[in-house]
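Take a look at the structure set out below.
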There are 2 protein chains.
Amino acid sequence: MSAPIGDGTVGKALSVLDQVAAFGRPVRFVELIAASPFPKATLYRFVQTLTNQGMLSFDPDHATYAPGVRLVRLAHAAWAQSSLAPVARPYLDALSESLGETIHLAQLDHAQVLYVDKRSAARPLEMFSDAGKIGPAYCTGVGKTMLAFMENGATDDIVEQQSFHRFTPNTLADAVALRAELAEIRENGYGFDREEHEPGIICIAVPILSDSGRVLGGLSVTSSTDRTNLAGLERLVPEIQETAKQIAREASAWRFPDRVAST
Amino acid sequence: MSAPIGDGTVGKALSVLDQVAAFGRPVRFVELIAASPFPKATLYRFVQTLTNQGMLSFDPDHATYAPGVRLVRLAHAAWAQSSLAPVARPYLDALSESLGETIHLAQLDHAQVLYVDKRSAARPLEMFSDAGKIGPAYCTGVGKTMLAFMENGATDDIVEQQSFHRFTPNTLADAVALRAELAEIRENGYGFDREEHEPGIICIAVPILSDSGRVLGGLSVTSSTDRTNLAGLERLVPEIQETAKQIAREASAWRFPDRVAST
DNA sequence: GGGGTAAGTTCCAAATAATGAAACTCGATT
DNA sequence: AATCGAGTTTCATTATTTGGAACTTACCCC
């Protein structure tokens, strides 16, 4: 689903973890077997190991497996010490207040967009139910924009992996259309979502780039065709880009605390 | 640290993941070596594999490793499909509103308390910076209360693993004191934190128990000695226990969606 | 209550992958 | 130019994983 299985035993075990997560509900051993490339005994041992390790949790009342609590602890660490998300927090608050629109902060998880933080104009923010969500890279503003600014080889690999499901009439249909769009985004410095994922929903996104030009993540402002249009969003570009630049500066500055003084 | 290493290659790799998370900041390869039981080449391959898999992320600018974004995605799944956290949400909201105090929802992650949700009376709630936090089991209200209601064997295992650091004069000093306290909690049906973790901070906690008597988690109300005292908290017991019971009922009801109709 | 079916678990020889000492590369310092 | 230390690769040895098949429940239907 995400990482190519491989990487020996560890990779295989982690693919099982993904599989369980993908079900979206507690799942029985038989169901896993049915959808797994591994023979029964092998899968059984993986599930045992992962459960032992707290990466899966087993509910003895229903005889089902679900992703385990240890993941929540690890994700807390991941979120807290990624250079991007904690640093971006106050900037998202400010931008959200200033614009009154929904803000997303995203990173790439293999070929998918992963939202790591969000400010919703309307509703109060929701915990894990928001952060951790994933979306397709080829038809979201942040996804396309992050792709556009990656090194060429990396972009190509990811473009290959997209599956191009047509969500709306505006969804880009294939790799050719996507590549053209990426070229345009690279030129402009920002990208749109022109109701490509959901009718009526539009968005504008800018990349967050490190000093060395690496893509750290993406920042987007989402709105609806009821409230504004693409030109309206485009007017926000300077402010959004400025915020992205500030986040990038602070995230890059993150020098890792003092290496022990050299001998 | 958390899961006993063992469980073959997968367990070892996951212990490396824990190690990186434990640093609390991006970490260099040498630093990991220094604190790792594995020889250089072995650790190197683990780190490679985990990075490939997105469980670790490598920052080429600083040559450091940190827990990876894939964890955030998996944790989202873990949180969303655990029977406890999503079901408890509205109840926590209601309890928080009714009491005007800080509420914690916790589960056990091996021998530690893991907070999976929180309602803060004062500040607006914070994303991953709150959920995913861990604390010691032997000197928090939820920790002791969950321990008190586990099967005896399981309780003993966990009691053995506590390290009994003395945070305050009231911190329970050893396994004997803890066992006595657990017996009392089991009798009462609820447990206190009598400034055992932090001076001035008190709390009352009840277990969330499944139909079959299994500990699903713990629910606590935290306050300070400025605002109330143990007797004051004790008066809240009926309301808290009622909430715990409702959460338990709904979480247990979670029958996993229709197995395919039998032949 | 008996017989059947399917889920879940254990076994073990063959196949495969992990191991780690040592040698090597590459950059940065002196 | 020489040195040092971080990071990376190699390869014969060793230990683990593998998976077909047999086994043991648990449940359902008649």
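A note on names: the letters A, B, ... follow the listed sequences, proteins ahead of strands, and every chain is numbered from 1.
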Specify whether A:His104 and A:Tyr115 have parallel, tilted or perpendicular ring planes, treating 30° as the upper limit for parallel and 60° as the lower limit for perpendicular. tilted
Determine, stepwise, if the pair A:Glu181 / A:Tyr138 fulfils side chain to side chain donor-acceptor pair (under 3.5 Å). CA-CA 10 Å; A:Glu181 169 89 350; A:Tyr138 66 96; over 6 Å; no
Take atom CG of A:Leu32 and atom P of C:dT9, then tell me their distance rounded to the nearest Å. 13 Å
CZ of B:Arg28 versus C1' of C:dG27: gap in Å, rounded? 12 Å
Would you please confirm or rule out a distance under 4.0 Å between OP1 or OP2 of D:dG7 and any side-chain N or O of B:Tyr44? no
Is there a donor and acceptor pair, one atom on the side chain of A:Lys40 and one on the base of D:dG19, closer than 3.5 Å? no
Pairs under 3.5 angstrom, nitrogen or oxygen only, protein versus nucleotides 14-17 of chain D, please.
unit_1, atom_1, unit_2, atom_2, d
D:dT17, OP1, B:Thr9, N, 3.2

Divergence of helical axes at both termini of the helix from C:dG1-D:dC30 to C:dT30-D:dA1 - five pairs an end, 10° steps: 40°
Ion pair B:Arg214/A:Asp59, N-O distance below 4.0 Å: yes
Under a 4.0 Å threshold between the charged nitrogen and the carboxylate oxygen, would A:Arg73 count as salt-bridged to B:Asp109? yes
Does B:Ser163 reach the main-chain N or O of B:His165 with its side chain, forming a donor-acceptor pair under 3.5 Å? no
Under 6.0 Å between ring centres, would you say that holds for B:Phe29 and B:Tyr65? no
Treating A:Gln53 as the side-chain partner and B:Leu14 as the backbone partner, does any N or O pair qualify as donor plus acceptor under 3.5 Å? no
Mind calculating the distance between CZ (B:Phe38) and C1' (C:dG20) to the nearest angstrom? 13 Å
If I take atom CD1 in residue A:Ile33 and atom P in nucleotide D:dA21, what distance separates them, rounded to the nearest angstrom? 15 Å
Please report, rounded to the nearest Å, how far the P atom of D:dA6 is from the CG atom of B:Leu43. 14 Å
Main-chain N/O of B:Val116 paired with B:Trp79 side-chain donor or acceptor, under 3.5 Å: yes
Grab the CD-P distance between A:Gln48 and C:dA7 for me, whole Å please. 17 Å
For DNA chain C, whose closest nucleotide is more 5', that of B:Ala41 or that of A:Phe29? A:Phe29
Short side-chain to backbone donor-acceptor contact, B:Gln162 and B:Ala111, under 3.5 Å: yes
